Amino acid sequence: MSRHPASRSVPLSLMRFARTLALGALTALVGVHLVFFAIRAWHVLTFPYPLDYGEGPLLAQVNHLRSGASLPHLYGDPAQPPYLVVNYPPVYLIVTSLVAPLLDWTLPGSATTPLAGRLVTFCATLICALLIWRLALPPNLSMRRATAGQSGTALIVALAFLALPIVREWSALMRVDLLGVCLGLWGLLLTRRLSRLAAIPIALSLLVKPSLIAAPAAALVWLWFRDRRRALEVAAGMVALGGAAAGALQVASGGWFWLHVVSANANPWSPALAEGFWQDQAAILGSLWLGAAFAAALILMRGTRRKTHQSDVLPPSETAHALLPIVYTCFGAYVAFGVGKVGAYANYFLEFYAGAIWLIATVIAHPFDTDRPHSNAQDPSVQRPERHDQQVEEPSPALASRISMMISWFKTLNARPPVATSLPVRAFQPGLESWFPLLILLLLAAALIRYYPLWSENYVKPYGLIEGDNPPRFAFGRYGVWRDLQREEEVLATLRRVNTALVTDVRAVGQPIVTDIPGIAAQAGVLSRLQAFEHRQLYDAGLLDQRPLLRDMANGRVPLVVLDYLGNWLTPDMITLITHRYAQEGSRGTFDLYRPVDPGQRRDVRIETGADIRITAIFLTRPGGTRYAPGERIALTLELNRNRDVAGVCDAVVCQVQVRLATRDGASVAAWERPLVYGALRPSDWHDATIQHMHTLDLPFDLPPGLYRLDVALRANDDMLTPPHPVALIEVGEPGGRLLGERGYFVPAPLFDAWIDAGAYEGAGDPLMPAVPFTDGVLQCFARVCFRFDGTGVTRLPLGELLLIGESGLRPAPPGPGPEQFFPETGYTLRGAFMEAWEANGGMSVLGPPISNAMLRGATRVQYTRYARLEQPGGETTVVLANVGEEYLRLPGIPYRWR
């Protein structure tokens, strides 16, 4: 049958015009998103501290390697120094450790280790896009030259991988995922060439992250139907390389490697969690899924039509190569279902999305029926010579037959006659296949329209963490990606100040700490006794013993606890110890600092309490004045150990420690009870260690002056194991302090005097906590001030300075009218109403000099001084003092946490 130019010119022009518009829209979208991608990468690469939970362990691991430790030592006992759980094999760690010294040489003084890890990820991300493009091109060189136009379009499609929100989010983080995806795609490029060397990058990808199975699975499945011998060779190479590395590390680590890489990752899988992630991704990238499905369908249709000789289609070898992204994407989707694993995140979708982009780029890169170059292109009326199967068939009959079985239903679709329509039938002569690429380009463009914001507008937190919801938004508009990146810049500036302060705090203790965010310790070069999420998984599985850490916490040997959230993967026993043996000292930004309560002076004793438990020492906190005062909170600490290494009654039941306040002649005045070691450690958990039990006692406010005795007894159920034993004498003097505020906290005399000087209720406000003894003095915070008494004098904490580091999003306020005063010691000026309020509330002696300009905090004008924050709500003329003490303790309507 001859073909007439007139019959094809209109539909071809229409289709090409539509494709040009679609390609132009996609190019513009990708271009803008690449700008967003570059800005996000710059923000992260120039930020010197860990940015999320997962960066912290990797930073600690690389630092440990760079300090000279061996890989086997890294995969050692997680309960021993360096207390690490290394979830992944070592390829990413090794690569980062090799890059970091180069940065030490080129960028001395910078935070080279996190930068090195992020650069590895960033480069891997860019290479992923290039590999997707290269994989999408026809493997035949002459075909690539004949389809140069489609090659450029395929490059734009491949670059769309960088425009996906999840890729932009993860592209510059110190995380292993994208390096593994990159190595897997490289292995598939070699697989497509039927090269045995494909085994090397694929094995390395598994040694980056073993759950990245899409590339190895796709390579082996595709090779099995293409060249079974080569499939077996590649499989053998992967097993040999990966098995040798894993086996060597398992032996060298003393058997701990398996626990780190396999057992520590065997977390429960929740269908509800997986469903939630898939729904979230569908909301913004559902059109990408649909476009990938259409691309896969089109590839299969082409594979079928080559047997019918009804149109110009790809040679069989091209069809076979085009099946590889289908297999890869299917396995990528399977990996993405693993997002239901507890602790997983959207990074599980990376292989799936790389496959989806690859599928679309493959369809674009291969010629269409209407576009494919041919020798008689100048005269469409000339009929092409009929081709014969034996002339074009590649040596893959098994693959071709299986393709025919998979897509037999497509043959019926293509065999149907055109449906009657009011439009000219000739407009659809190119066929459904020719319109599919246009539809796919439009679906890909639609996938770049929506996104999820990363950062909350109101908190220095990821969006949705506090709000509880994170609805998708349009990428362009008032709160699009550009605004999110601006907010990110504000948040990172705040986090930079907060982390700088935390580094100083953590380095000052000079010992291993406990934190629920591993990066807090890693950025300071200090060990953390706890890698919260990973250790918790091992504790719950019975693969790790938390009792050594609990014993040290019970004895106050962990000098600092830094928490983003009390309960964030901490065990109940840890929380109990933190709230009984430790007390909150304050905060840095969104992080709370807890330090061990100072038990006071030690006095050795030897008292048998029953249940084979002996008291070996007594500690008693110092009085707030010269003597203990009525109403004062004191802490009695008992040092305990076991007489025998056998189970006793207190192992079967939770024994209670009873402390009784009695007169010298034995008359009982008051009594307090609490579980032995707060119920966190039974005697059998102590082993041979001594354990401290801290007992807080609030003395009665109407207690007459005199000498009193503290007696201790141990009770199991309703039975007293021994009579009460006198352990200490205390002297109570005349009332010196006061019970203040709604909660009735006692304020010792020195702090009470300072409270009066600070303006009492109108100035300092209600007490928010009891007077807590730390090693550097007794701390007590009020609504607008915090005092520390070191035994000789009272100092005021610079709450203005401490809170200003955590501020985010403050905007310059226009200068107010009225008189002004410049402070050369800080370089800031007080004006108008702020100047008047500063003078009225004590001026320099009480509030200190200004440390910021007047700023807008929402609709409120604020200005920080060294010890306070002045606030002028919008539309009002009155300036008040903010409740900086409450903000410093971060107690939004909840009681202080020392019990």
Side-chain angles (χ1 to χ4, degrees), residues 33-34 36-38 40-45 47 50-59 61-62 87-100 113-135 158-189 201-216 218 281 285 288 325 328-329 331-333 335-336 338-339 344-358 361 454:
H33 276 287
L34 289 181
F36 295 157
F37 175 88
R40 160 71 176 179
W42 176 256
H43 286 172
V44 178
L45 291 175
F47 184 70
L51 194 52
D52 72 352
Y53 179 95
E55 285 195 305
L58 290 170
L59 176 59
Q61 292 156 23
V62 175
N87 290 112
Y88 309 115
V91 167
Y92 182 88
L93 305 178
I94 293 172
V95 172
T96 304
S97 298
L98 294 176
V99 172
T113 300
L115 178 59
R118 289 166 177 166
L119 282 175
V120 169
T121 301
F122 181 70
C123 292
T125 306
L126 297 180
I127 295 173
C128 280
L130 295 178
L131 286 170
I132 291 172
W133 173 64
R134 182 63 186 83
L135 283 163
L159 290 175
F161 179 70
L162 305 179
L164 300 181
I166 181 179
V167 178
R168 181 172 64 245
E169 179 182 354
W170 288 76
S171 62
L173 291 177
M174 190 178 184
R175 302 297 291 265
V176 305
D177 304 84
L178 282 161
L179 177 61
V181 174
C182 175
L183 289 169
L185 292 173
W186 179 24
L188 291 176
L189 184 62
I202 292 177
L204 290 176
S205 74
L206 293 173
L207 290 173
V208 171
K209 187 176 183 181
S211 61
L212 295 175
I213 65 168
Q281 292 298 305
L285 294 175
L288 174 62
Y328 178 79
T329 307
F331 280 107
V335 172
V339 76
Y345 193 62
N347 53 320
Y348 275 66
F349 287 87
L350 286 171
E351 285 185 305
F352 176 51
Y353 289 145
I357 296 294
W358 180 7
L454 290 182

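No experiment lies behind these values; they were computed from the predicted model shown. Just so it is clear, the values below take in all heavy atoms, side chains as well, and ignore hydrogens, waters and symmetry mates.
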*On the 0 to 90° scale, with breaks at 30° and 60°, tag the Phe122-Phe37 ring pair as parallel, tilted or perpendicular.*
parallel

_Mutual orientation of the aromatic rings belonging to Phe349 and Phe352 [parallel < 30°, tilted 30-60°, perpendicular > 60°]_ = tilted

Distance, nearest 0.5 Å, that separates [atom1] of [X] from [atom2] of [Y]:
X	Y	atom1	atom2	answer
Leu204	Leu183	CG	CG	6.0 Å
Ser205	Glu351	OG	CD	7.5 Å
Leu178	Leu212	CG	CG	9.0 Å
Cys128	Ile357	SG	CD1	12.0 Å
Leu185	Arg134	CG	CZ	13.0 Å
Leu350	Ile166	CG	CD1	4.5 Å

*Could you give me the CA-CA distance, side-chain angles and deciding distance for Phe47 and Trp42, then say whether side chain to side chain contact (heavy atoms under 4.5 Å, CB included) is met?*
CA-CA 8 Å; Phe47 184 70; Trp42 176 256; over 6 Å; no

Distance-minimising heavy-atom pair for [X] and [Y]:
X	Y	result
Ala129	Leu159	CB-CD2, 4.4 Å
Ala218	Phe331	N-CD1, 4.0 Å
Cys182	Ala124	CB-O, 3.7 Å
Ala172	Val44	O-CG1, 3.2 Å
Ile132	Ala354	CD1-O, 3.9 Å
Tyr328	Ala215	CE1-N, 3.6 Å

Can you confirm whether [X] sits close enough to [Y] that some side-chain heavy atom of one is under 4.5 Å from a side-chain heavy atom of the other?
X	Y	result
Asn87	Pro57	no
Leu162	His33	no
Thr96	Gln61	no
Pro89	Pro210	yes
Trp133	Phe161	no
Leu164	Leu288	yes

Donor-acceptor contact below 3.5 Å, side chain [X] vs main chain [Y]:
X	Y	value
Tyr92	Gly117	yes
Arg175	Thr121	no
Glu169	Pro165	no

_Salt-bridge contact Glu55-Arg118 (side-chain N to carboxylate O under 4.0 Å)_ =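 Arg118 and Glu55: salt-bridged.
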
*asked:* Show, in sequence, the C-alpha distance, side-chain angles and deciding distance for Lys209 and Leu179, and conclude whether the side chain to side chain contact (heavy atoms under 4.5 Å, CB included) test is met.
replied: CA-CA 9 Å; Lys209 187 176 183 181; Leu179 177 61; over 6 Å; no

*Step by step, would you call Met174 with Leu51 a side chain to side chain contact (heavy atoms under 4.5 Å, CB included)?*
CA-CA 9 Å; Met174 190 178 184; Leu51 194 52; over 6 Å; no

*asked:* Can you tell me which residue among Leu131, Leu188, Thr329 is in a side-chain contact (heavy atoms from CB on, under 4.5 Å) with Trp358?
replied: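 For Trp358, the side-chain contact (heavy atoms from CB on, under 4.5 Å) check succeeds only for Leu188.
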
